[in-house]
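Values below: every heavy atom of this structure, side chains too, minus hydrogens, waters and symmetry copies.
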Amino acid sequence: MTSSTSEPGTPASRQLLTRRNLIASTGLVAAAVSAAPLLGRGTAEAAVAAACPPGTTAPVPPPAKGPAIPKSGYLVEEIGDRVFWLTDGLYQMIFMTTAEGVVAVDAPPTIGHNILRAIATVTKSHVTHAVYSHHHADHTGAMILYQGARFYAQSEVAGLLRQTRDPNRPLPAITFDDQLTVHAGEDRVELAYRGPNHSPGNIFTYLPAQRVLMLVDVVFPGWVPFAYLAESQNIPGWLEAPAQALGYPFHTFIGGHLTRLGTRNDVVIQQEYVADLKAQAASAIDTFNVADVYKSVDPTNPWAIFRGYLDGVAAQAANAVVPRWIDRLGGADVYTLPNAYQLVESLRIDYGHLGPFGIHP
């Protein structure tokens, strides 16, 4: 939305972005690509900035909105028998109270010491079991708060933690390769690694008695994925993970990010968004006019030509997808372009969909 008063250093007036002119503005992406040799991720980010300057992003659609965060800076809610969801509106984690103590999954540093405050509102017990969903510090960078706990992680996560030597992420005492059931009293937490997706060792955490599933950085309920398909390291695995999630009989889904809890339908909706984007990326690879790139880049610079081509293909795919999703998922105008760029690259290098750069006749 746009303020009626001008901000320092900005034009005195700014057009309010409606869905109609947002859809029209996505053409700025393609225009930016054809007008200048904008390269790689810098291109995608610059093009998004051109189409969606600060204060003029599309209104957040109702499906993306979640509960208000109290003045305390965190929200804690019971989502199953003795299972609690904790969020600051940007990051999420879960914990369960048991006869042996508290089982916590992750410790986002943005929530930080509010994790312990939130736990103290529902139990006098301390965290005795701490589970790493994966090694990334934005989700686990406050694990050090769980003093005295037993730490669990998939084997590859343990190796990455040894490599990074972050004092805020203690090394796990218990590791596993494929599956592990954590027992705390009569309660069970099932951990499973089904192959690389967002990152090596990123696991499925399932609480069978409460039918709660946590899978971080794969599905973003109500929103499109974070940039470049959540900065994921294995795109084919990341694309398969939602179907793997649906193999669990869960009712409540925790994705690790943003405004609300998820459902099975949220997983299906993200599958639909990604499938749409993948189809348009494939079509753009096949139909984008490479000759247009030569009009705006140095023809003696192969990198400029190739990267200009990739940017143009991504823009063509994003322009086709954004209008269909602007009312369904939050951030469709913000992150569809970099997500398209990542899908174009995965289609090329993972799946062999090379377009004009395929086997020379």
Practice prompt. Test Y351 against L239 for side-chain contact (heavy atoms from CB on, under 4.5 Å), laying out the working first.
Written response: CA-CA 12 Å; Y351 295 96; L239 293 174; 3.5 Å; yes

Item to complete: In sequence, state the C-alpha distance, the side-chain angles, and the governing distance for H129 and M96, and then conclude on side-chain contact (heavy atoms from CB on, under 4.5 Å).
Response: CA-CA 10 Å; H129 304 69; M96 176 171 61; over 6 Å; no

Worksheet item: For I111 and L86, what are the C-alpha separation, side-chain angles and deciding distance, and is it a side-chain contact (heavy atoms from CB on, under 4.5 Å)?
Response: CA-CA 9 Å; I111 306 178; L86 176 59; 4.0 Å; yes

Practice prompt. For S199 and E231, run side-chain hydrogen bond (donor to acceptor under 3.5 Å, both in side chains): C-alpha distance rounded to whole Å, both residues' side-chain angles, the deciding distance at 0.1 Å, then the answer.
Written response: CA-CA 9 Å; S199 66; E231 301 282 359; over 6 Å; no

Discussion item. Determine whether D217 and H139 satisfy the following criterion, side-chain contact (heavy atoms from CB on, under 4.5 Å), listing intermediate values before the conclusion.
Written reply: CA-CA 10 Å; D217 286 335; H139 290 275; 3.2 Å; yes

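One hydrophobic cluster, built from ILVMFWY side chains closer than 4.5 Å, cannot hold both I254 and M93; they sit in different ones. At a threshold of 4.5 Å between side-chain heavy atoms, the hydrophobic network of Ile, Leu, Val, Met, Phe, Trp and Tyr places V267 and F220 in one connected group. Taking hydrophobic clusters as Ile, Leu, Val, Met, Phe, Trp and Tyr residues chained together by side-chain heavy-atom distances below 4.5 Å, I305 shares a cluster with F288. In this structure, L343 is a member of the same hydrophobic cluster as Y341, with clusters built from ILVMFWY side-chain heavy atoms closer than 4.5 Å. L90 and L329 fall within the same hydrophobic cluster, where Ile, Leu, Val, Met, Phe, Trp and Tyr residues are linked whenever their side-chain heavy atoms come under 4.5 Å apart, directly or through other members.
Under the 3.5 Å distance criterion, with hydrogens and angles disregarded, no donor-acceptor pair is assigned to the side chains of T98 and D187. A donor and an acceptor atom, one from each side chain of T110 and D88, are located under 3.5 Å apart. For the residue pair T287 / Q316, a side-chain donor-acceptor distance below 3.5 Å is found, with atom types taken as modelled. Side-chain atoms of D298 and T300 include a donor-acceptor pair closer than 3.5 Å. Side-chain atoms of N197 and N202 include a donor-acceptor pair closer than 3.5 Å. A donor and an acceptor atom, one from each side chain of Y146 and T128, are nowhere located under 3.5 Å apart. In this structure, a donor-acceptor pair under 3.5 Å is absent between the side chains of W238 and S346. Donor-acceptor pairing under 3.5 Å is recorded for the side chains of S232 and H198.
Scanning both residues, P225 and N339, for their nearest heavy atoms gives O-ND2, 3.1 Å. In this structure, Q92 and L258 approach most closely via the heavy-atom pair NE2-O, 3.2 Å. The two residues R211 and P249 come nearest to each other via the heavy atoms NE-O, 2.6 Å. Contact between V218 and A241 at its shortest, heavy atoms only, is CG1-CB, 3.7 Å. Between L75 and P67, the shortest heavy-atom distance links the atoms CD2-CG, 3.5 Å. Annotation for I285 and L354: closest pair CG2-C, 4.1 Å, computed over non-hydrogen atoms.
For Y335 and Y228, the ring centers sit 6.0 Å or farther from each other. In summary, the aromatic rings of H257 and Y91 are positioned with their centroids under 6.0 Å apart. Note: Y193 and F204 fail the aromatic proximity criterion, with ring centroids not under 6.0 Å apart.
Within the structure, salt bridge (Lys or Arg N to Asp or Glu O under 4.0 Å) contacts touching residues 65-80 (residues at least two apart or in different chains) do not occur. A salt bridge (Lys or Arg N to Asp or Glu O under 4.0 Å) check over residues 265-275, counting only residues at least two apart or in different chains, returns the pairs R260-D266, E272-R328. Applying the salt bridge (Lys or Arg N to Asp or Glu O under 4.0 Å) rule to pairs touching residues 150-164 yields nothing, sequence neighbours excluded.
Inter-residue side-chain proximity for L161 and Y132 is flagged as met; some heavy-atom pair is nearer than 4.5 Å. When side chains are defined from C-beta on, V344 does not count as touching L347, because their heavy atoms never get closer than 4.5 Å. Side-chain contact between V127 and L145 is absent, with no heavy atoms from C-beta onward closer than 4.5 Å. Looking at heavy atoms from C-beta onward, W325 lies out of side-chain contact with T336 at the 4.5 angstrom threshold. Using a 4.5 Å heavy-atom threshold, the side chains of I115 and P108 count as touching. Side-chain contact check for N168 versus P109: every heavy-atom pair is 4.5 Å or farther apart. Looking only at side-chain heavy atoms (C-beta outward), L207 and E190 stay at 4.5 Å or farther from each other. For the pair P196 and Q233, the minimum side-chain heavy-atom distance is 4.5 Å or more.
H126 NE2: 12 or fewer foreign heavy atoms inside a 6.0 Å radius. Around the CZ atom of F357, the shell of radius 6.0 Å holds more than 12 heavy atoms that belong to other residues, nucleotides or ligands.
The side chain to side chain donor-acceptor pair (under 3.5 Å) search around Y74 returns none, not counting sequence neighbours. For H135, there are no side chain to side chain donor-acceptor pair (under 3.5 Å) partners two or more places apart in sequence or in a different chain.
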Do any side-chain atoms of residues 172-184 form donor-acceptor pairs under 3.5 angstrom with protein atoms, and if so which ones, sequence neighbours left out?
unit_1, atom_1, unit_2, atom_2, d
D177, OD1, S155, OG, 2.7

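Atom OG1 of T252 and atom CD1 of I79 lie 5.5 Å apart (nearest 0.5 Å). Summarising the geometry, atom CZ belonging to R169 is positioned 10.5 Å from atom CG belonging to L171; distances are rounded to the nearest 0.5 Å. The OH atom of Y273 sits 14.5 Å away from atom CD of Q271, with the distance rounded to the nearest 0.5 Å. Here OH of Y206 is found 9.0 Å from CZ of F250. Values are rounded to the nearest 0.5 Å. Put simply, CD on Q270 and CH2 on W223 are 13.5 Å apart, with the number rounded to the nearest 0.5 Å. Considering CZ of R194 and CD of Q154, their distance stands at 12.5 Å, rounded to 0.5 Å.
For the side-chain contact (heavy atoms from CB on, under 4.5 Å) with E345, the qualifying choice from V313, L229, I235, L310 is L310, the only one to do so.
Side-chain N or O atoms of N114 include none that pairs as donor or acceptor with a backbone N or O of R117 at under 3.5 Å. R348 places no side-chain N or O within donor-acceptor distance of the main-chain N or O of H353, the cut-off being under 3.5 Å. The backbone N or O of A64 lies less than 3.5 Å from a partner atom in the side chain of T259, making a donor-acceptor pair.
Classified by interplanar angle (parallel below 30°, tilted 30° to 60°, perpendicular above 60°), the ring pair W303/F306 is tilted.
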